[in-house]
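Reviewing the structure listed below.
Below, chain A is the first sequence line, B the second, and so on; all start at residue 1. Side chains are part of it too, since the values below use all heavy atoms of this structure and drop only hydrogens, waters and symmetry mates.
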Amino acid sequence: MLDKNGIARRIAKEVKDGYYVNLGIGIPTLVANFVRDDISVEFQSENGVLGMGPFPYEGEEDADIINAGKQTITTLPGASFFDSALSFGMIRGKHVDLTILGALQVAENGDIANWKIPGKMVKGMGGAMDLVASAENIIVAMTHTNRAGRSKLLEECTLPLTGVRCVKKIVTDLAVIEVTIHGFKLLERAPGVSVQTIQEATEGTLLIPEEVPEMVF
Amino acid sequence: MIKKTVEGVGPALEGVKDGMTLMLGGFGLCGIPENAIGELVRLGVRDLTCISNNAGVDDFGLGLLLQGHQIKKMIASYVGENAEFERQMLSGELEVELTPQGTLAEKCRAARSGFPAFYTPAGYGTEVAEGKEAREFNGKMYVLEYAFEADFSFVKAWKGDEAGNLIFKGTARNFNPPMCGAAKITVAEVEELLPAGALDPNEIHIPGIFVQRIFQGEGYEKRIEKRTVRSREE
């Protein structure tokens, strides 16, 4: 079973040379730490920066330079700032190659729910609805089950949707899963996790190929 | 040169009344019009509809207007980090219209640019599209969204000149430019107000035509919401 950093490390393998990448809040933010340093990638943050760098050194933080999670950040050579309308032009116009975000639930047809739990949590969708409605390549980073032990990979989402038929791949603490027209296809197992464990934690249709290799990092 | 300068926040907010619809720039606490918010609190105007990406935190930003129950309706994309907001929303005291962030920005830009409405893929198939016209273009579904209509737009810039030209800094730009010219009256507050001619026309982000009033802001706190740093040993 992987921890948050393990999930981020596995997703980092999906980031290819020349990609512009939007990272959501939480586990997705960690992905930047594991991207190979021999490839060129630029991270976009929807509040208006392309070419995000690491957190600033203590004492060098600037209130005017933050990411979408409102954390202080730095920029790398080649970076640019822009307004929110232009930022979402990049997103809706499909100029961003890869979007990585968290989720509360994913359905086997690729529907995603991640912004609201009726009666309990209403923080808002932020930029997630724009991102999932536009991106061609969406990877979800999340735990396989919620705190109550219920599966987050479902036949149908029960929570209010963020977007429909949009998720392509899911990386959880247990597995790498591709969303296909026939359901969730199991691609890889986390180290030491059995196919049976993954099957038991998946409520939606799980397609299990004959060979399910362990993840390689 | 058409002069847009006014003497301070008082004259800048002249005409703001109960029940008006206001746009306020900023993302989280970054790039918010601190002076205008302070004056709205002082004026005590009520029943406001506020369009802003976030709702501040409990004791800063739009949170200050929430504390005084001055906001009737909030139009935003993300309202976490604010316990008082959540309480007023769940109790029904506050009306909330959650809007996808890109749609929120475009509803401002459209208002500024003379588009009454536009189609966006954001929110299709979700509850934000309920009751809205949907239409297919090239095999994909889009939702019709209308431009905002607002009375005042309050924005914060880094530098500005007497002609109302504005330059923003870093990610404090965010929603400020799309809100310029998107309301009947745009009020810009700046960290540094310069004479006309002091800013290079090549460097201007927003031309003064979109700004009706500009003033020298004071006492910026520029609070950081989530201070994240790395140690020098890394």
Going from [atom1] on [X] to [atom2] on [Y], what distance comes out if it is rounded to the nearest 0.5 angstrom?
| X | Y | atom1 | atom2 | answer |
| --- | --- | --- | --- | --- |
| B:Tyr119 | A:Arg92 | OH | CZ | 15.0 Å |
| A:Met125 | B:Tyr78 | CE | OH | 12.0 Å |
| A:Asn47 | B:Asn53 | CG | CG | 9.0 Å |
| B:Thr171 | A:Met52 | OG1 | CE | 10.0 Å |
| B:Lys226 | A:Lys70 | NZ | NZ | 6.5 Å |
| B:Lys169 | A:Asp64 | NZ | CG | 4.0 Å |

Look only at the side chain of [X] and the backbone of [Y], and say whether a donor-acceptor pair between them is shorter than 3.5 Å.
| X | Y | result |
| --- | --- | --- |
| B:Asn174 | A:Gly48 | no |
| B:Thr228 | A:Phe55 | no |
| A:Asp130 | B:Gln101 | yes |

Side-chain contact, heavy-atom cut-off 4.5 Å: [X] with [Y]?
| X | Y | value |
| --- | --- | --- |
| A:Trp115 | B:Leu98 | yes |
| B:Glu225 | A:Ile66 | no |
| A:Lys116 | B:Glu127 | yes |

Heavy-atom proximity to chain B below 4.5 Å, by part of [X]:
| X | answer |
| --- | --- |
| A:Ile91 | neither |
| A:Ala68 | both |
| A:Glu60 | side chain |
| A:Asn67 | backbone |

Which bit of B:Val128 comes within less than 4.5 Å of chain A, counting heavy atoms only: side chain, backbone, both or neither?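 Interface part for B:Val128: side chain.
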Please classify the contact between B:Glu221 and chain A as side chain, backbone, both or neither, with a heavy-atom cut-off of under 4.5 Å.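 It is neither, since no heavy atom gets under 4.5 Å.
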Within the supplied structure, the quantity of interest is the number of heavy atoms (other residues, nucleotides, ligands) at a distance under 6.0 Å from [X] [atom1]; does it exceed 12?
| X | atom1 | result |
| --- | --- | --- |
| B:Tyr142 | OH | yes |
| B:Ile209 | CD1 | no |
| B:Lys140 | NZ | yes |
| A:Phe34 | CZ | yes |
| A:Lys185 | NZ | no |
| B:Tyr220 | OH | yes |
| A:Lys4 | NZ | no |
| A:Asp38 | CG | yes |

Salt bridge (Lys or Arg N to Asp or Glu O under 4.0 Å) evaluation trace for A:Glu58 with B:Arg230: CA-CA 6 Å; A:Glu58 209 167 341; B:Arg230 64 189 149 136; over 6 Å; no
Please give me the minimum heavy-atom distance between A:Met129 and B:Gly123, naming the atom from each residue.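 Closest approach of A:Met129 to B:Gly123: SD-CA, 3.8 Å.
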A:Ala85 to B:Glu106 - nearest heavy-atom pair and separation: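 Answer, listing the atom of A:Ala85 first, then B:Glu106: CB-OE1, 4.2 Å.
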I need the residue from [options] with the largest number of non-hydrogen atom pairs under 4.5 Å to chain A.
| options | result |
| --- | --- |
| B:Gly80, B:Gly102, B:Pro178 | B:Gly102 |
| B:Ala105, B:Ala122, B:Ser77, B:Gly31 | B:Ser77 |
| B:Lys222, B:Arg223, B:Met141 | B:Lys222 |

After noting the C-alpha distance and the side-chain angles of B:Arg109 and A:Asp83, does the key distance pass the salt bridge (Lys or Arg N to Asp or Glu O under 4.0 Å) rule? CA-CA 11 Å; B:Arg109 204 185 69 95; A:Asp83 68 60; over 6 Å; no
Just to be sure I understand the criterion: a residue of residues 143-182 of chain A counts if one of its heavy atoms is under 4.5 Å from a heavy atom of chain B. Which ones qualify?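 Interface residues of residues 143-182 of chain A: A:Pro160, A:Leu161, A:Thr162, A:Gly163, A:Val164.
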Against the six-membered ring of A:Phe82, is B:Arg173 placed for a cation-pi contact (under 6.0 Å from the centre, within 45° of the normal)?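 No, cation not above the ring by the 6.0 Å, 45° rule.
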Taking every heavy-atom pair that is under 4.5 Å apart, which of A:Ala133, A:Ser84, A:Gly124 has the most such pairs with chain B?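 So the answer, after comparing A:Ala133, A:Ser84, A:Gly124, is A:Ser84.
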Could you give me the CA-CA distance, side-chain angles and deciding distance for B:His205 and A:Phe81, then say whether side-chain contact (heavy atoms from CB on, under 4.5 Å) is met? CA-CA 11 Å; B:His205 293 140; A:Phe81 295 116; over 6 Å; no
